[in-house]
Structure formats: structure tokens, C-alpha cells
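This report refers to the structure that appears directly beneath it.
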Amino acid sequence: MSENKKLNPELPSGFKDRINEELLLRDEIISLIKNNFILNGFDQLETSSFEYSDVIGKFLPDQDRPQSGVFSIKDENDWISLRYDLTAPLARYVAKNYDLLPRPFKRFQVGQVWRNEKPGPGRFREFIQFDIDIVGDSNVQYDADLCLVISDTLNKIGLKNQDFKIRINNRKLLQGLLEDLKILDYKQIQSTLRAIDKLDRVGIKGVELLLGNGRKDKSGDFTKGAELKKNQIDKIISFLDFKDFNKITPLNEIFSEGIKELIIIKNYFELFNFKNFVFDPTVIRGLDYYTGPIFEANLSFKVKNEKDVEIEFGSIGGGGRYDKLVNRFKNLNAPATGFSIGVDRLIYALLQYDDLKIKNIIGPIVICNLDEAYLGYYRQILSKLRDANICSEIYLGKNSLKNQLKYADKRKSPYVIICGEDEVKNNEVTIKNLKDTDKVSDAINREDWKSSSKQKKCSIENFLKEIKI
RNA sequence: GCAGUUGUAGCUCAGUUGGUUAGAGCGCUUGAUUGUGGAUCAAGAGGUCGGUGGUUCAAAUCCACCCAACUGUACCA
């Protein structure tokens, strides 16, 4: 590399550095979620970051869009990919270890996942998912139980019931409806479901257009619709308006099966006195592997973007029943249901949540270094602090005291300890309080500083009692 | 992928009908106190004006192409 051509310190698009403040909150939230899942009887599992490409999805790297969706590399003769979610690896794991696992197998997993696609606002190519799943039982009471666990977990993170709501629906209702309307073509089913899924973004009028011929977006770009007939569209739109599944007349067998499942779920909620849910026929979930109840957790407080504009934040997690996923590997009876929390999105929202403002970051107490000759003295102070479990360090650089204070300020240190000739001679330490940053001191010389209320001289034996963090 | 908008200092941006040495605020460094951070004042460092090519005596400014970012939209196991 030549002297004048410097490297650009940039990150690949869609990736992000994460700093101390964010990580502290993230770790705290992850551990709250973990502990609550353990409390609710779930085991932990960690699968590897890479999987064989064909194991985790249908996009094989040698098809027409080689890298689309996933990050893949060729390993000897096989293509392997970074996982794009935690559900596909779970299905693989269950298929591989089925005989050894208790049934149902209740597990949770937290970890990074990677998606090789265009990043958007709040959407990255590397992010954390937190999944909780129950594999091996088709009883939808397990689905209901998942919702209770999730709701309880959000409470433990600090959200109140009015801050979020669990919305539930059942794919079987949609399946029944589409069958009744004679919408049987796979592609048409897909575009119909996708159109409904967009209700929150494009509104009911937008959905109507997308079910019909298509819709133009703000920039003038045209999106092709599902091309349904007028009476089909009308029936779908009126279905989306139902508020109470008990009042819907079942259209066919699969439809009434869906209703029955919702009733079981509702009864289970009542048993546990759980009310923070709502039936919402517009909940769809994008993925097509869902086969039964589906659910989403939505925040109800306002969230702003970087430009301070309120945005439709959407869900912080969702999931549902997928009974066929393990069957891709073996002919096993492994019906499953799961819920996934988008941890990064949750944190993004929580950072703005009033009742959960980040606690003030507290840096280490910095023992200033006035002369290397006093290092032994500083070490005694450091030991006392650390023995008392107080985060602390000796500044080892050769900078001026002024610079050391600037450093401590940036680290958000609550105190600095200043010991020079005088203090060492008298077995004392000077403790300077940095916490109250509102007042600029007007002391101008050393004598003034000595008598300043913001700093105090004590003996090295009992200076600890002056430190209050 | 498609469409629209925008690319000037680390960040946020100004830059006149094309015209001398490209600016401001914030941040950063140093100093005003050789033992005192956050305020104030002063000085300083920091730019391939997104890239390449073209028009012109002259381009940050005009033209073409490319690249990137943002917004919307599509795809998303």
C-alpha cells in the first residue's frame, strides 16, 4: 500500500458497529429474556453459524440467483451458508437428534443471523434473533402457552400491558377462505396473502388494489396485483374486518377447524387470566411454512426514527405453528410452534421508551498518574477500590493532569483520584468528584482547588467511605 | 430489481449567472493555570468537492456515464 492511499474505514452496507451503551442494554435484555424462558421450562440450544445451504432453504447457490438471500461459500464440494434464521437449523437439529429428544422438545436460542439482502431503515444484514419453539406436539394450547411466555417476558423487560398487544389469527381461516373463493393457484395464493400482509403499510385501499390489478407507490412505481375478481376481493376485505371469530360463519371444514383452535387458545388465555391479546384477521406472517395459529407482538407506543419523525414501527416479534418443517428431513411426526423476537428492533424501540431510559453509564474511577515514581502508591489505592468491587484503573499514559481529567470525563468516571507529592508524603488521597457536571468551577489555582467543595482530601486508610457511586 | 431524491472537512450543512487561495457550526488538537475536566477566549490540524470522461481561457457549479447513500416499492426460505 502506498503512503498516500489510505484505507477507507467503512463498513460493508447493512453492517454496524455497536457501542457500549447499546451493548449494556442489549445484554441486560437478553439475560432477562433468557432467565424468563428458563423459568418457563425451556432448554437452551446453540447451533452453528454455518449450515449446508440446501439444509436451511430452497435457494441453492447454483440456481439462477446464487447469492440471493444468504451468504454462501463453497466448502470442498458442498455449498455452505450462514444461517438466515434459527428455525431452519432447529428443524435440522430435531431431525438429526429426534430419538434422543424429549417430546415436546422445548428450546430457546439467541444468536446472530445473516441475510444477504438490501438493508432498509432498521434492517441490517446481521442481526440478533431470539427464538423460542416447542417441537413435537400438535396441541394448540402450546401455541397459547408461547403467547403467555412472550407477554410475561415483555413485562419483565419493563413494558406494561398497555405498551404492547399480542395479535392472533389462524392460517386455517385464510386457507378455508381462499378455498371457498376457489383461489387455488399457488402463485395467486401467495400474492393474495402478501397483499393482505401489507395492510398496515398501504391501508385497506392499497390492499384492495393489490388484490385486484395492482397499485402505484409514492415514487410512481407500479406493483402488479393478484388479479382477483371483484366478488373475491369484496369477500376478503369483509373478512379482514371481523373482530370476533365466534361470530364468523364457518365456510368449510378447514375454516371451522381454525375457529376451534382459536377457541381452545382463548379458553387457555382465560384460564390464566390473560387479556392482553386481540383476534386480528389481518395478521398473516410472510412465511409460507405456517400451518395453524399465527401471532404477532406489536408495540403501542410511538417510535421515532433518527430524524425525529414518528414511524409505524410494526411488530417486535411473531411466530406461529409450522407442522411440516421437520418432515423435510425425515418422516417424523414433529409438529411445531415457535415465536421469534427481533432483539435489535426491540432495543431500538426501548431506547426511546420513557420508563426504561438507559441508566447512566458509569465509567471507572481513574487514578491519575502524576509521576511514575508514585506507581506503588497508586497500586495500593487501586487494590482497595477493586477489593471493594469498584470499577477502577490507573492512568498509565504520560499526559498532563488536564488531559487525564478530560479522559476521565469522556469515560464518565464518577471520581478521579489525584495523588502527587503532598498526598504521598502525608499518606493521603485527593478525591475529586466529576459527577456534577452542571457547575463549572471557577477555582483558578492549586490552593483554590484544595479547598473546593468538589474535592476532598482523606487518609489512604479510609478514603473509600467518601466514594459513593 | 424498479422509481424518485441526494452526494462538499469526522458530523450537520452553506457555496451567487461557471471566475482569485472552497467556507461555517459542532467535534478534534494545542494554548490562556508548568497539580485540575465540563463554560469562555485564541490558535491549529483536517478536503482526490462521490468517481471517470467531456464542454470551456476557467468546473464544486454545465453535460454524459458510472458508483454510493437515502426514501418508496418489489423479492424474502
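Here is how names work: the chains are called A, B, and so on, in the same order as the sequence lines, proteins then strands, and each is numbered from 1. A quick note: this is a predicted structure, and the numbers were derived from the prediction, not measured.
When the C1' atom is compared between B/U48 and B/C67, the two are found 15 Å apart, to the nearest whole Å. Using atom C1' as the reference point in both B/G7 and B/A60, the two lie 11 Å apart (nearest Å). Here the separation of B/A58 from B/A22, taken at their C1' atoms, is 15 Å to the nearest Å. Between B/C11 and B/G4, the distance separating the two C1' atoms is 26 Å to the nearest Å. Distance check on atom C1': B/C28 versus B/U12 gives 16 Å, rounded to whole Å. For B/U30 and B/U6, the P atoms lie 41 Å apart once the distance is rounded to whole Å.
Across all strands shown, B/A43 forms a Watson-Crick or G-U wobble pair with B/U29, both key distances being under 3.5 Å. When Watson-Crick and G-U wobble pairs are counted only if both distances are under 3.5 Å, B/A14 pairs with no nucleotide at all. B/G1 and B/U73 make up a base pair, with Watson-Crick or G-U wobble contacts both under 3.5 Å. Pairing of B/U56, defined by two Watson-Crick or G-U wobble distances under 3.5 Å, is not identified with any nucleotide.
The only option from A/D143, A/T291, A/D323, A/D145 that meets the side chain to side chain donor-acceptor pair (under 3.5 Å) definition with A/T337 turns out to be A/D143.
For B/A77, the base is stacked against the aromatic ring of A/Y84, per a cut-off of 5.5 Å between centres and 30° between planes.
Remark: the A/T47 side chain and the A/Q109 side chain contain an N/O donor-acceptor pair separated by less than 3.5 Å.
Both the sub-6.0 Å distance and the 45° axial angle are not jointly satisfied by A/R83 relative to the ring of A/F71.
By the 30° and 60° cut-offs, the orientation of the rings of A/Y290 relative to A/Y322 is perpendicular.
Counting distance only, with no hydrogens placed and no angle test, the side-chain atoms of A/E423 and the base atoms of B/G35 include a donor-acceptor pair under 3.5 Å.
A salt bridge links A/R18 with A/D344: the closest approach of a Lys/Arg side-chain nitrogen to an acidic carboxylate oxygen falls below 4.0 angstrom.
If you check B/A77, B/G37, B/U36 against the side chain of A/I418, the one that comes closest is B/U36.
One can place NZ of A/K410 at 20 Å from P of B/U36, the figure rounded to the nearest angstrom.
For the pair A/L210 and A/K406, nearest-nucleotide mapping onto RNA chain B gives the more 5' position to A/K406. Between A/K402 and A/K198, the residue whose closest nucleotide on RNA chain B is further toward the 5' end is A/K402.
For A/N403 and B/U30, the shortest distance from a side-chain N or O to OP1 or OP2 is below 4.0 Å.
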